[in-house]
Amino acid sequence: MTEITRFAPSPTGHLHLGHVASALAGWRAAMESGGTFLLRVEDIDTTRCRPEFIADLYTDLEWLGLSWPRPVRRQSAHMDDYRRVLDTLAGRGLLYPCFCTRRDIMEAAGAPHHAPDGAMVYPGTCRNMDAGRRAALLAAGAPYALRLDMARALGLPGARSLTWHEVGEGAQPCQPELFGDVVLARKDVPASYHLCVTHDDALQGVSLVTRGQDLRAATALHRLLQHIMDWPAPRYRHHPLLCDATGRRLAKRDGALSVRAMRMAGMTPQQVCNAAGAPDHISAVSSAVGSH
Ligand code: GLU
């Protein structure tokens, strides 16, 4: 099967070896099937994303021998697309405005439940807000997020029996209810990762999503959104995360060594690929380039 894969980084820091492993997995799956590898920049959070990180990620990936069709989709340029999805969901009664602050949520939650991705499950305070009070808050311009009404979403035909296909494992049962009423549009950013990623995978015809194991649990939620919106379901392959010498997963925030730093220090692409656990990548690039 000819695959369309993608690497979809959020440019909130420089790429590290974990990103390299992820990008190479997507590129490899596309090339081996004679398909297409896409690069997508997930930069909706303009408070954390920076243009220099975007420029550097292009440079890093090209240095590693990757190529992709232009123009690259930058999510921040497509906020209208996400707005339309939100309007559709709202029109079907699946969203509600949530005025809570983090503190309100902590207080209302008492002993908070956590979703599989570690986020706190919303205790539902604003879900059943009296219509008059909601209208007054909206009229007063109170900031709000938009949450998915999970119970209603799960009431849609077929929503309770969804599965996703994990390559090598087969059908995986989905339990999106573990996430509760997730935020689909934030107060400060008028869309959310879950919404944009599923919309764009559908729009771009992605057939195989290759990404880190840390996003595996969220796939249940992504399947639910695909089901609600009648978007096709790609197959998924979640790869293990790279860890440092102490067994902690590599993360930008912990100052994991960046590809840029390794490049500047004189390491070769081959050495960086070795470190990312993909020692045969450079020879794969040569044969892919040679076969075109
Ligand atoms: N933008 C996400 C991140 O950088 C990845 C999205 C995905 O692969 O589904 O963590």
Side-chain angles (χ1 to χ4, degrees), residues 3-30 36-50 53-54 56-58 60-61 66 68 72-79 81-82 85 115-119 164-167 172 174 176 179 182-184 186 189 191-226 229 231-242 249-254 256 258-259 276:
E3 304 286 7
I4 300 182
T5 65
R6 58 22 170 221
F7 175 52
S10 302
T12 56
H14 290 295
L15 297 187
H16 57 60
L17 288 176
H19 294 110
V20 174
S22 206
L24 300 190
W27 187 85
R28 190 68 178 257
T36 308
F37 168 74
L38 303 175
L39 174 65
R40 184 166 75 224
V41 175
E42 302 212 324
D43 60 345
I44 50 167
D45 187 347
T46 47
T47 61
R48 295 176 60 225
C49 295
R50 299 226 303 263
F53 293 139
I54 301 179
D56 281 337
L57 80 85
Y58 292 158
D60 288 345
L61 295 175
L66 304 191
W68 52 86
V72 167
R73 182 172 173 90
R74 279 184 61 174
Q75 290 188 327
S76 60
H78 299 282
M79 297 312 280
D81 287 1
Y82 311 129
V85 179
D117 61 357
W164 89 79
H165 183 90
E166 182 75 19
V167 173
Q172 306 294 307
C174 293
F179 289 82
V182 281
V183 169
L184 292 186
R186 288 164 40 176
V189 178
S192 76
Y193 158 65
H194 300 301
L195 181 89
C196 302
V197 81
T198 43
H199 172 273
D200 286 359
D201 284 340
L203 180 80
Q204 298 188 291
V206 171
S207 59
L208 174 65
V209 171
T210 53
R211 61 183 179 193
Q213 196 67 24
D214 52 330
L215 292 169
R216 182 178 173 122
T219 309
L221 197 52
H222 298 174
R223 273 299 292 126
L224 178 62
L225 292 173
Q226 288 155 0
M229 294 301 298
W231 290 330
R235 287 168 303 120
Y236 291 83
R237 188 191 292 154
H238 293 95
H239 57 75
L241 300 176
L242 286 188
R249 65 175 267 223
L250 297 182
K252 288 177 252 199
R253 62 176 172 276
D254 299 331
S258 68
V259 175

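Sequence positions, counted from 1, serve as the residue numbers for this chain. Counting starts at 1 for both ligands and their atoms, in listed order.
- Atoms of ligand 1 found under 4.0 Å from any heavy atom of S10 (numbered from 1 in listed order, with element): 1 (N), 2 (C), 3 (C), 4 (O).
- Proximity of a side-chain donor or acceptor of D43 to a complementary backbone N or O of C49 within less than 3.5 Å is not detected.
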Exercise. Evaluate the criterion ring pair (Phe, Tyr, Trp, His ring centres under 6.0 Å) for residue pair W231 and H199; output intermediate values, then yes/no.
Key: CA-CA 8 Å; W231 290 330; H199 172 273; 5.7 Å; yes
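- Classification of E3 and R235 as a salt-bridged pair holds, one side-chain N sitting under 4.0 Å from a carboxylate O.
- Residue contacts with ligand 1: Y193 is included, with a non-hydrogen atom under 4.0 Å away.
- Residues satisfying the ring pair (Phe, Tyr, Trp, His ring centres under 6.0 Å) test with H239, not counting sequence neighbours, are none.
- Screening V41, D200, D81, D45 for a side-chain contact (heavy atoms from CB on, under 4.5 Å) involving Q75 leaves a single residue, D200.
- Close approach of ligand 1 to E42 (heavy-atom distance below 4.0 Å) involves ligand atoms 1 (N), 2 (C), 5 (C), 6 (C).
- Among pairs with a residue in residues 17-29, those fulfilling salt bridge (Lys or Arg N to Asp or Glu O under 4.0 Å) read R28-E32, R28-D280, at least two apart in sequence or across chains.
- Under the 4.0 angstrom criterion for non-hydrogen atoms, R6 is in contact with ligand 1.
- Within the listing of ligand 1, atoms 9 (O) sit less than 4.0 angstrom from a heavy atom of V197.
- Only the side chain of L215 comes within 4.0 Å of ligand 1, judged by heavy-atom distances.
- With atom 2 (C) of ligand 1 as the reference point, the heavy atom nearest to it among A8, C196, S22 is part of A8.
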